[in-house]
Amino acid sequence: MQIVLIGPPGAGKGTQSVQLAEYLHVPHLSTGEMLRDVCRRKTGVGTRACVAMQRGQLVPDALVKEILFERLKEDDCRAGCILDGFPRTVPQAASFDEWLEERKRPLSMVIELRVSREELLDRLSSRGREDDDREVVLARLDQFDELTHPLLDYYNSRGVLQVVDGLGTAEEVFARICSLVDEKK
Ligand code: ADP
């Protein structure tokens, strides 16, 4: 199964994606992690992306696509994967659709993890990652509203969107996700 998780920063998308990947025995692909890794290695290609990330902005589509599509070609992704953080813009989603179509790999489901802005700010202020400063967090939330939120309509109109309430313990949220996934299996 190929499943995309979409949620604003702080929604728990990372935690839930890891668990779901284990549950379905498929790889967990986080573009945020991949990009942080590029930044740690300080290669030339990453420099612009790292500055953007530190400011809470999205990195250019071309770089994300290059990194992700390379990874998706690997054998362990044949049976499916959980995508965490990609696609994040409508153009990324359109490229991904094309990529999947060329390979006859259908998108099984897109899960939106929905959490109120108030709750997100509460959660993010206590998390402590280096891009979690209040100002940067606000920038990331704005980027979500502006660039990622339109994706929900994009996928809804294609009939693949499922909404999950992200409020509650990680276990409660995971149980909600599993029941949707189990129905689809
Ligand atoms: P969160 O969703 O909590 O912000 P992520 O680890 O998913 O955390 O992403 C961290 C940062 O990585 C983003 O703020 C953005 O700068 C960059 N990033 C991750 N995925 C993408 C993507 N698909 N397109 C552009 N930038 C991305």
Side-chain angles (χ1 to χ4, degrees), residues 2-21 27-43 45-73 77 81-100 107 110-152 154-155 163-164 166-167 170 173 177:
Q2 238 126 203
I3 300 179
V4 169
L5 259 90
I6 300 180
K13 175 171 64 71
T15 312
Q16 299 298 332
S17 312
V18 168
Q19 286 199 48
L20 187 57
H28 163 237
L29 306 188
S30 154
T31 44
E33 266 172 27
M34 291 175 191
L35 290 165
R36 280 190 286 278
D37 197 45
V38 169
C39 293
R40 271 192 295 272
R41 283 188 270 121
K42 294 198 168 55
T43 54
V45 288
T47 319
R48 251 178 72 210
C50 305
V51 173
M53 280 175 84
Q54 279 156 9
R55 291 186 181 147
Q57 288 158 0
L58 296 192
V59 311
D61 284 354
L63 177 66
V64 183
K65 285 193 299 192
E66 187 187 316
I67 296 176
L68 184 79
F69 292 163
E70 270 311 303
R71 177 67 186 85
L72 276 174
K73 279 188 206 152
C77 296
C81 64
I82 306 300
L83 283 167
D84 163 7
F86 183 93
R88 223 178 180 97
T89 62
V90 172
Q92 285 182 14
S95 310
F96 186 42
D97 276 348
E98 249 174 57
W99 193 93
L100 289 168
L107 188 56
V110 175
I111 298 174
E112 175 196 353
L113 260 186
R114 199 176 279 179
V115 176
S116 73
R117 165 90 31 148
E118 225 179 12
E119 169 76 12
L120 291 175
L121 286 170
D122 256 15
R123 291 185 188 180
L124 287 161
S125 62
S126 55
R127 197 163 73 169
R129 206 170 69 195
E130 92 175 25
D131 56 354
D132 278 347
D133 281 353
R134 191 172 172 87
E135 226 173 89
V136 178
V137 161
L138 290 174
R140 280 161 55 217
L141 288 170
D142 283 348
Q143 293 269 286
F144 179 84
D145 287 345
E146 190 185 325
L147 298 167
T148 309
H149 201 264
L151 263 186
L152 302 172
Y154 177 94
Y155 283 127
V163 182
V164 167
L167 213 61
V173 176
I177 293 178

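Just follow the structure's listing: the first ligand is 1, and inside any ligand the first atom is 1. Just so you know, residue 1 is the first one in the sequence shown, and it goes up from there.
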May I ask you to identify, for [X], whether its side chain, its backbone, both or neither come under 4.0 Å of ligand 1 on a heavy-atom basis?
X	result
Lys13	side chain
Val64	side chain
Leu58	both

query: Under a heavy-atom criterion of less than 4.0 Å, does Arg36 contact ligand 1?
result: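 Distance cut 4.0 Å: Arg36 passes for ligand 1.
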What protein heavy atom is closest to [atom], reported as residue, atom name and distance in Å?
atom	answer
atom 12 (O) of ligand 1	Met53 CE, 3.4 Å
atom 4 (O) of ligand 1	Arg140 NH2, 3.0 Å
atom 15 (C) of ligand 1	Gln57 O, 3.7 Å
atom 20 (N) of ligand 1	Thr31 OG1, 2.8 Å
atom 26 (N) of ligand 1	Val59 N, 3.1 Å
atom 27 (C) of ligand 1	Leu35 CD1, 3.7 Å
atom 19 (C) of ligand 1	Arg88 NH1, 3.4 Å

- request: Answer yes if the side chains of Asp97 and Tyr154 hold a donor-acceptor pair under 3.5 Å, and no otherwise.
  value: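 Yes - a donor-acceptor pair under 3.5 Å links their side chains.
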- prompt: Do the rings of Phe69 and Trp99 sit parallel, tilted or perpendicular, given the 30° and 60° boundaries?
  reply: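 Aromatic pair Phe69/Trp99 classed parallel.
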